[in-house]
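Input: a single structure, listed below in structure tokens.
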2 protein chains.
Amino acid sequence: MKAPSDFQLQADLRRPGRRVTNQRWLILEVVRGTDSHPTAEWVYQKVRRRLPRISLGTVYRNLKLLAEEGLIQELESRGFGRYDGNTARHDHFTCQRCGRIFDLEVRVDPSLGRRIGARTGFTITHHRIEFYGLCASCVLAAGHAKGGETSKRARHRP
Amino acid sequence: MKAPSDFQLQADLRRPGRRVTNQRWLILEVVRGTDSHPTAEWVYQKVRRRLPRISLGTVYRNLKLLAEEGLIQELESRGFGRYDGNTARHDHFTCQRCGRIFDLEVRVDPSLGRRIGARTGFTITHHRIEFYGLCASCVLAAGHAKGGETSKRARHRP
DNA sequence: TTCATATTCAGGAATGATTCTTATTACTAT
DNA sequence: ATAGTAATAAGAATCATTCCTGAATATGAA
């Protein structure tokens, strides 16, 4: 799956009565430029380096708008929202210790939605698979931390 | 899959230095007694009928605690938390028009986590599959509502 | 039973992410 | 240029959730 060209993105963003502002464009670039599934706050901090006067509200508004246009993806996560610049169909793994979210390269049966839809009577437009557990480095870290002590979360954020 | 007996639940709840209070027990009953995947607020309103002096904080605290004990399940949903009294492994369908969440009877390949874990190197403890689309009644309703008007969400809640 | 201790509670304040409001600025088409 | 619309910055407001307090209550040991 190829990343869409800037030209294509421009076309998607530019529709009747909608402008392509610096802020919006830069926010899109930042989200597309990372695979860390960032929060609004993280995007805000990044964008701020180039547009120091931008406001957090603008970031929120545009993330929402970009997601509605289908140019980025909004992830379902507890507590705070996260965004994904990769709009290709893919699944995620969340490490429950460090909190990081990883893209899965492995594709899980793409006909799943269709099959379940046929069997249940629901009209299924899409689905989402989230895996949970420990990433490699956290397995190691958890192994070192002996003594029954509850391992504290690093709470990575992005 | 059978619902656990009250006796079993008692045993799970009663561990050293943990009491089984009216409040906690009733909250558990309410969540187990519905398949509507309620929010904390909804549980609060229900429980209040029998325990008028209970506080919302108590509901939150106990929902969290019951989820940690594995007696109920906490769903990952955007905006606000939802709980599920059905702790058996199952998937969900969310109607994007009315907002309701349905349990899926159909079981999707139970070995999924193991397979993906083996292929990716992550240590996967569990996974979650969420389907999205329209439920039967909303397909009907959406059909009636002609004229290009954006169908307003009923925002069911539970 | 009685005491000592820890848990849980109600009530309300505090927090934190997100959305909304308002006045201002910046495009776009005329 | 000008009028009209969309987008912005700043900060207030909202909403779900957590945290804090002091009082009440169960539990286990003596």
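Every chain is numbered from 1, with letters handed out A, B, ... down the list of sequences. The basis for the numbers below is simple: all heavy atoms, side chains too, and nothing from hydrogens, waters or symmetry mates.
Atom CH2 of Trp42(B) and atom P of dA16(D) are 16 Å apart (whole Å). For the pair Phe80(A) CZ and dT15(C) P, the interatomic distance rounds to 18 Å; values are reported in whole Å. Atom pair Leu13(A):CG and dA7(D):P shows a separation of 10 Å (rounding to whole Å applied). In this structure, Trp25(B) atom CH2 and dT25(D) atom P are separated by 21 Å, rounded to whole Å. In this structure, CZ of Arg24(A) is placed 15 Å from C1' of dA9(D), rounded to the nearest angstrom. Rounded to whole Å, atom C1' of dA16(D) lies 11 Å from atom OH of Tyr83(B). Leu56(B) has its CG atom 9 Å from the P atom of dT17(D), to the nearest Å. Rounded to whole angstrom, the span from the NZ atom of Lys64(B) across to the P atom of dT17(D) amounts to 11 Å.
Regarding contacts with the backbone of dT8(D), a side-chain N or O of Thr21(A) is found under 4.0 angstrom from either OP1 or OP2. The shortest distance between the side-chain N/O atoms of Tyr60(B) and the OP1/OP2 oxygens of dT17(D) is below 4.0 Å. Residue Arg61(B) places at least one side-chain N or O under 4.0 Å from the OP1 or OP2 atom of dC9(C). Put simply, Arg18(B) has no side-chain N or O that comes within less than 4.0 Å of OP1 or OP2 on dA26(D).
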Determine, step by step, whether Asn22(A) and Leu26(A) satisfy the side-chain contact (heavy atoms from CB on, under 4.5 Å) criterion, reporting the C-alpha distance in whole Å, the side-chain angles of both residues, the deciding distance to 0.1 Å, and the verdict.
-> CA-CA 6 Å; Asn22(A) 284 345; Leu26(A) 189 45; 5.9 Å; no
Verify side-chain contact (heavy atoms from CB on, under 4.5 Å) between Leu66(B) and Ile27(B), making sure each step is shown before the conclusion.
-> CA-CA 9 Å; Leu66(B) 291 168; Ile27(B) 288 167; 3.9 Å; yes
Hey, mind stepping through Phe93(B) and Ile124(A) against side-chain contact (heavy atoms from CB on, under 4.5 Å) and telling me if it holds?
-> CA-CA 8 Å; Phe93(B) 169 81; Ile124(A) 293 177; 3.8 Å; yes
Steps toward salt bridge (charged side-chain N to carboxylate O under 4.0 Å, His left out) verdict (Glu69(B), Arg15(B)) | CA-CA 10 Å; Glu69(B) 298 295 344; Arg15(B) 31 174 66 193; 3.4 Å; yes
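Residues from residues 43-54 of chain B placing a heavy atom under 4.0 Å of any atom in DNA chain D do not occur. For the segment residues 67-75 of chain B, no residue has any heavy atom less than 4.0 angstrom from an atom of DNA chain D.
Aromatic pair Phe122(B)/Phe131(A): ring centres not closer than 6.0 Å.
As judged by a 4.0 angstrom heavy-atom cut-off over every strand, Glu41(B) is placed among residues making no nucleic acid contact.
Proximity of His127(A) to Ile129(A): side-chain heavy atoms (C-beta onward) are separated by under 4.5 Å at one or more points. Looking at heavy atoms from C-beta onward, Val108(B) lies in side-chain contact with Ile116(A) at the 4.5 angstrom threshold. The closest side-chain heavy-atom distance from Ser137(B) to Arg100(B) is below 4.5 Å. Using a 4.5 Å cut-off on side-chain heavy atoms (C-beta onward), Ile54(B) and Tyr44(B) make contact.
Residues in residues 114-124 of chain B take part in these side-chain hydrogen bond (donor to acceptor under 3.5 Å, both in side chains) pairs, two or more places apart or across chains: Asp109(B)-Arg115(B). Here salt bridge (charged side-chain N to carboxylate O under 4.0 Å, His left out) pairs that include residues 41-61 of chain A, with residues two or more places apart or in two chains, are Glu29(A)-Arg50(A).
Rounding to the nearest 0.5 Å places CD1 of Ile101(B) at 4.5 Å from OG1 of Thr94(B).
Scanning all heavy atoms of the two residues, the minimum distance from Ser36(B) to Arg82(B) falls at O-NH2, 4.0 Å.
Formation of a donor-acceptor pair under 3.5 Å by the Thr125(A) side chain with backbone atoms of Tyr132(B) is found in this model.
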Please tabulate, one pair per line, each protein N/O and nucleotide N/O from nucleotides 11-13 of chain D that are separated by under 3.5 Å, including the distance.
none

Is there any protein nitrogen or oxygen under 3.5 Å from a nitrogen or oxygen in nucleotides 22-30 of chain C, and what are the pairs?
unit_1  : atom_1 : unit_2   : atom_2 : d
dA26(C) : N3     : Arg19(A) : NH2    : 3.2

